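Each chain gets a letter, A, B and so on, in the order the sequences are listed, and its residues count up from 1. Note that the structure is predicted; figures quoted are calculated from it, not measured. Worth knowing before you read on, the calculation uses all heavy atoms, side chains too, and leaves out hydrogens, waters and symmetry mates.
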Number of protein chains: 2
Amino acid sequence: MNIGTAAKRSGLPAKTIRYYEDIDLIRPRRDTNGYRDFSDRDVHKLLFLCRARALGFTIENCRVLLELWEDQERASGDVKQIAREHLAVIDAKIADLTSMRENLSHLIETCSGDDRPDCPILNDLAKAG
Amino acid sequence: MNIGTAAKRSGLPAKTIRYYEDIDLIRPRRDTNGYRDFSDRDVHKLLFLCRARALGFTIENCRVLLELWEDQERASGDVKQIAREHLAVIDAKIADLTSMRENLSHLIETCSGDDRPDCPILNDLAKAG
DNA sequence: TTTGAGCTTCCAGCAGGTGGAAGCCCTATA
DNA sequence: TATAGGGCTTCCACCTGCTGGAAGCTCAAA
């Protein structure tokens, strides 16, 4: 099938699929006219990539996960290890954002938000270290 | 003062400070030898930027906030508006990450993580749409 | 045959920096 | 006074993960 069909079936934009080929995540065969020709297996891989990316795995994570997926002999422990490391990264990001959120919402609460110039948000950003 | 000193005082790497000059966030004057010469006010701005970035404001947000900070006449409502919009962005990111986290930690829980090949994490990533 | 959609490649750019090379400048020490 | 080092300068490339657009080919329908 052509890239447009593969895009529809996998949920990824054609541009992204070409990019994934560029960085060697997938290797669809080519028709005689030069068009990419995707097999069902290719689409399956693309779906895999789409889901893994939606879970926030990096491209390099995806590359390894895809290899593990294709390796009939792999141990599930290897996959779990990657997933756990990724979970730690997500947790760190959540913690980071939550602390930002608390700081910022506190600042917003203390700001009158009217047309007077005094503003605790700016004051805080500008305060001496 | 030289860029090294400004870097130490502001907590920003010298490279980042040069970049901020490049994109016109700051305009330190120059010594006759071509070296940047930072005033206390410049360092104050850099600290402001450092804090605002740590709160996750984009560079363009920072540009506006810095202008508002320098404008004695500005209304605190303008600042509050930017802050509130940014809070909404943070909340969306937290929601996103939290949902990822839940999916992933569920997958991890169901994975035995031993040396057998059967792995629910990969199965889920690969399942038919 | 012509139109229009879909495909190809390649080049550029987004955010927000970071790394490195080549080369000047300044100071301390031998 | 020569030299070694560290800090400064500019410029260019690279990072992640795409995305947009231009130029040009191919294909199917009218």
Side-chain angles (χ1 to χ4, degrees), chain A residues 1-38 42-43 45-46 48-66 85-86 89-90 92-93 96-97 100, chain B residues 1-38 42-43 45-46 48-66 85-86 89-90 92-93 96-97 100:
Chain A
M1 77 194 75
N2 282 349
I3 197 169
T5 311
K8 252 175 233 149
R9 292 212 199 156
S10 66
L12 290 169
K15 276 266 177 188
T16 302
I17 297 175
R18 287 193 198 102
Y19 171 69
Y20 285 173
E21 186 189 24
D22 224 52
I23 61 173
D24 268 335
L25 276 182
I26 43 159
R27 288 177 198 73
R29 56 172 292 278
R30 296 288 178 136
D31 273 343
T32 46
N33 61 8
Y35 284 21
R36 288 168 184 85
D37 180 22
F38 294 83
D42 288 327
V43 172
K45 277 198 196 181
L46 289 173
F48 183 104
L49 289 168
C50 187
R51 294 213 180 82
R53 294 285 301 131
L55 280 174
F57 285 101
T58 65
I59 291 287
E60 287 320 301
N61 282 154
C62 289
R63 198 187 296 282
V64 177
L65 289 172
L66 211 48
E85 279 165 21
H86 180 46
V89 171
I90 291 178
K93 282 187 189 165
D96 233 47
L97 284 169
M100 272 183 208
Chain B
M1 77 194 76
N2 283 349
I3 198 168
T5 312
K8 252 175 232 149
R9 291 212 198 156
S10 66
L12 289 169
K15 276 263 178 192
T16 301
I17 297 176
R18 287 192 197 101
Y19 171 68
Y20 285 172
E21 186 189 24
D22 226 50
I23 61 172
D24 269 336
L25 277 181
I26 44 158
R27 289 177 198 74
R29 57 171 293 277
R30 296 288 179 137
D31 273 344
T32 45
N33 60 8
Y35 283 22
R36 289 170 185 83
D37 180 23
F38 293 83
D42 288 326
V43 171
K45 278 197 194 184
L46 290 173
F48 183 103
L49 289 169
C50 188
R51 294 213 180 83
R53 293 287 302 133
L55 280 174
F57 284 101
T58 64
I59 292 286
E60 287 319 302
N61 281 155
C62 289
R63 198 186 297 283
V64 177
L65 288 171
L66 211 47
E85 279 165 19
H86 180 46
V89 172
I90 292 178
K93 282 186 189 165
D96 232 47
L97 284 168
M100 271 183 207

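Using modelled atom types, one side-chain atom of B/Arg63 and one backbone atom of B/Ile23 make a donor-acceptor pair closer than 3.5 Å.
Atom-to-atom, CG of A/Asp31 to P of D/dT26 comes out at 13 Å; the value is rounded to the nearest Å. Between the CD1 atom of A/Ile23 and the C1' atom of D/dT19 there is a distance of 14 Å, given to the nearest Å. The CG atom of A/Asp22 sits 12 Å away from the C1' atom of C/dC11 (whole-angstrom rounding).
With rounding to the nearest 0.5 angstrom, the CD1 atom of A/Ile90 is 3.5 Å from the NE2 atom of A/His86. Distance CD1/A/Ile3 to CG/A/Asp42: 11.0 Å, rounded to 0.5 Å. We find the CG-CZ distance between A/Leu49 and A/Phe57 to be 12.0 Å, quoted to the nearest 0.5 Å.
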- Query: Using a cut-off of 4.0 Å between protein heavy atoms and nucleotide atoms, how would you tag nucleotides 6-11 of chain D 5' to 3' with B, S and -?
  - Reply: -BSBBB
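For the 3.5 Å distance criterion, the side chains of A/Asn2 and A/Thr5 fail to qualify, holding no donor opposite an acceptor.
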N/O contacts under 3.5 Å, protein versus nucleotides 15-18 of chain D?
| unit_1 | atom_1 | unit_2 | atom_2 | d |
| --- | --- | --- | --- | --- |
| D/dG17 | OP2 | A/Ile59 | N | 3.3 |
| D/dG17 | O3' | A/Arg53 | NH2 | 3.4 |
| D/dC18 | OP2 | A/Tyr20 | OH | 2.8 |
| D/dC18 | OP2 | A/Arg53 | NE | 2.6 |
| D/dC18 | OP2 | A/Arg53 | NH2 | 3.2 |

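Proximity of A/Thr58 to A/Asn61: side-chain heavy atoms (C-beta onward) are separated by under 4.5 Å at one or more points. Contact of the B/Arg53 side chain with the B/Ile59 side chain is registered, since non-hydrogen atoms from C-beta on lie closer than 4.5 Å.
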Hey, can you pull the donor-acceptor pairs under 3.5 Å for the side chains in residues 8-21 of chain B, sequence neighbours left out?
| unit_1 | atom_1 | unit_2 | atom_2 | d |
| --- | --- | --- | --- | --- |
| B/Ser10 | OG | B/Ala6 | O | 2.8 |
| B/Ser10 | OG | B/Ala7 | O | 3.4 |
| B/Ser10 | OG | B/Leu12 | N | 3.2 |
| B/Glu21 | OE1 | B/Arg30 | NH2 | 3.2 |
| B/Glu21 | OE1 | B/Arg36 | NE | 2.5 |
| B/Glu21 | OE1 | B/Arg36 | NH2 | 3.0 |
| B/Glu21 | OE2 | B/Arg30 | NH2 | 3.4 |

